[in-house]
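Along the sequence shown, residues are numbered consecutively beginning with 1. Scope of the values below: all heavy atoms of this structure, side chains included, with no hydrogens, waters or symmetry mates.
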Amino acid sequence: ILGGSLTGTTATFSGDVTVTKSNAAIQVNESGGATAKLMGASVGRVGTYSNHNFEIIQNSSAAIVIDTSRRVGIGTSSPSQILEIEGGRIKISSSGTQQLLFGTDATIEFGSDGNIQVRRTSSDLQFKTGGSEQMRLSSNGNFLIGTTTDSGAKLSVVANTTYQPL
């Protein structure tokens, strides 16, 4: 081995390792049955070729997992849904400007200023615009507009305006 060593079943290289061949691949077979490949064809591929999870590791822990059922976990090594994200917020941006934010307290913010929100408070669903609560759907199915006090009526409207029929 040029620029490296072979000890028992371990090969150590210093420098680059290049495989040149049509549909070239580097395959790693683990004695427990896991097979991983890094291969090039018309597209680059990396993954498992056996019935084992695929993990991207950071600091010796799985940061991203694709399990054998093709469920993706970020921050969890055992996703129970098609996509499961554990331990933080999810932010969707365009050109650096926040468009949508899923918060850790069951809040969804639209836009970058937090003025439009849908939020869970205890067991109610709260709707905010301009940074203030405008409507609430209570846990018992009552709809509140302009108030946060549930009077027990299915619809409670509190307003400082005159009713104008259509």
CG of L137 to CZ of R120, rounded to nearest 0.5 Å, is 14.0 Å
One should read off an interatomic distance between Q126 CD and R119 CZ, to the nearest 0.5 angstrom, of 5.5 Å
With the 4.5 Å side-chain cut-off for hydrophobic clustering, are I66 and L83 part of the same group? yes
Is it the case that one hydrophobic cluster holds both I92 and V72, taking links as side-chain heavy atoms less than 4.5 Å apart, direct or via other members? yes
Assess, by modelled atom type and distance only, whether the side chains of N59 and S61 contain a donor and an acceptor separated by less than 3.5 Å. no
Would you say that L125 contacts V118 through its side chain, given a criterion of any heavy-atom pair below 4.5 Å between the two side chains? yes
Going by heavy atoms in the side chains, are E133 and T148 under 4.5 Å from each other? yes
Are side-chain N/O atoms of T147 and S156 paired as donor and acceptor at under 3.5 Å? no
Minimum heavy-atom distance L100-I108, with the two atoms named: CD1-CG2, 3.5 Å
Taking a hydrophobic cluster as the set of Ile, Leu, Val, Met, Phe, Trp and Tyr residues connected by side-chain heavy atoms closer than 4.5 Å, whether directly or through intermediates, do L155 and V158 fall within one such cluster? no
So, for I57 and E55, which heavy atoms are closest and what is the spacing to 0.1 Å? CD1-OE1, 3.5 Å
Side chains of I85 and I90: closer than 4.5 Å at any heavy-atom pair? yes
Hey, what do you get for CG (N142) to CZ (R136), rounding to the nearest 0.5 Å? 12.0 Å
State, to 0.1 Å, how close F143 and M135 come at their nearest heavy-atom pair, and which atoms those are. CZ-SD, 3.5 Å
Student check: side-chain heavy atoms of V65 and F54 closer than 4.5 Å: no
Say whether D67 and N53, considering side chains only, have a donor N or O and an acceptor N or O under 3.5 Å apart. no
What are the two closest non-hydrogen atoms of G75 and E86, and how far apart are they? O-CB, 3.6 Å
For S138 and D124, test the side chains for any donor-to-acceptor distance below 3.5 angstrom and give the result as yes or no. no
Same cluster (ILVMFWY, side-chain, under 4.5 Å), I116 and I145: yes
Is there a path of hydrophobic side-chain contacts, each under 4.5 Å between heavy atoms of I/L/V/M/F/W/Y residues, joining F102 to I74? yes
Checking R89 against L101 for the side chain to side chain contact (heavy atoms under 4.5 Å, CB included) test, could you report, in this order, the C-alpha distance in whole Å, the side-chain angles of both residues, the deciding distance, and whether it holds? CA-CA 7 Å; R89 299 170 144 200; L101 176 71; 3.6 Å; yes
Distance-minimising heavy-atom pair for P79 and R71: O-NE, 3.3 Å
For residues Q58 and A63, report the shortest heavy-atom separation together with the two atoms involved. CB-CB, 4.0 Å
Gap separating the CD1 atom of I82 from the OG atom of S69, nearest 0.5 angstrom: 9.0 Å
